[in-house]
Amino acid sequence: MNVRTLTPLDRLLAGLERALETVAGQPEAARPSPARDLAEAELDAAERRHAAGLMRVNHTGEVCAQALYDGQAALARDEATREHLRHAAGEETDHLAWCAERLKELDSRPSLLNPLWYAGSYAIGAAAALAGDPVSLGFVVETERQVEAHLAEHLERLPAQDARSRAVLARMQADEVRHADEAKARGGVDLPFPIPALMRLSSLVMKTVAYRL
Ligand SMILES: [Fe+2]
Ligand SMILES: [Fe+2]
C-alpha cells in the first residue's frame with residue numbers, strides 16, 4: 001500500500017506496532033555495529049557497571065528519539081517533512097539496536113521505565129508537530145545538538161579502554177550532527193527561550209534515572 005493512502009487509523013496502528021517493537025522487541029539495525037571489529041576490553045566490576053549505566057542512558061535516549069520522531073511524523077503537515085522524519089528515525093533504530101547489543105555485552109539490560117519515556121517523548125513530539133513543520137524541524141535541530149553534546153560528555157566518562165562502547169557513541173554522534181544539519185537545511189527555526197532549557201532539564205531527569213533504573 002502506498003504511504004499516501006494510509007488512513008489515520010492505519011497510521012495509529014502502525015505507530016502502536018513501532019512503539020511495542022521499540023520498548024519490548026528487538027529492533028534490527030540496517031548498518032553493522034561500529035563496534036563489530038573491535039576487541040572486548042578488560043573491565044573490572046565497577047567499570048563494567050559504570051559503562052552499562054552510561055549505555056543504558058544512551059539506549060533510553062534512542063527510545064526517546066524513536067518516540068519523538070514518530071510523534072512528529074504522525075502529525076507533520078507536509079508529506080516531505082514526514083518522509084524526512086521517518087528516514088532519520090530509521091537511523092535512530094540503528095543507534096537503538098547498537099546500544100541494546102552493547103548493553104547485553106556488558107551483562108546489563110535496558111531501563112525498566114522505557115515505556116514511560118516513550119509515551120512522554122511521543123507526546124512531546126506530537127506537540128512539536130502541532131506547532132507546525134518549521135518549529136517541529138527546529139525541535140529536531142535543538143534535540144540533536146543537545147544529544148551531540150551529551151554524547152561528547154559520555155565519550156569522556158566511559159572507561160578509556162572500552163573501545164566497543166566508544167565506537168558506538170562516536171558513530172551516533174556523527175549521525176546526530178548530520179540529523180541536526182539536515183533539519184536546519186529543511187527550514188528548522190530556532191526555538192525560543194525557555195524551550196531549549198526545559199528540554200535540557202527533562203533529559204537530565206531521564207539521564208539521572210536511566211543510569212540506575
Ligand atoms: Fe540517535
Ligand atoms: Fe538523531
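First listed ligand is number 1; within each ligand, the first listed atom is number 1. Just so you know, residue 1 is the first one in the sequence shown, and it goes up from there.
Salt bridge present: D190 and K184 bring a charged side-chain N and a carboxylate O closer than 4.0 Å. Between R82 and E79 there is a salt bridge, since at least one side-chain N of the basic residue sits less than 4.0 Å from a carboxylate O of the acidic one.
A donor-acceptor pair under 3.5 Å links the side-chain atoms of D133 to the main chain of R77, judged by distance alone. Judged purely by atom type and a 3.5 angstrom limit, H50 uses its side chain to pair as donor or acceptor with the backbone of R157.
Atoms of the protein (N, O or S only) found under 2.8 Å from the Fe ion (ligand 1) are E62 OE1, E62 OE2, E92 OE1, H95 ND1, E176 OE2.
Ring pair H95/W98 is tilted by interplanar angle, where 30° to 60° counts as tilted.
Side-chain contact annotation: E142 with Q146, donor-acceptor N/O pair under 3.5 Å present.
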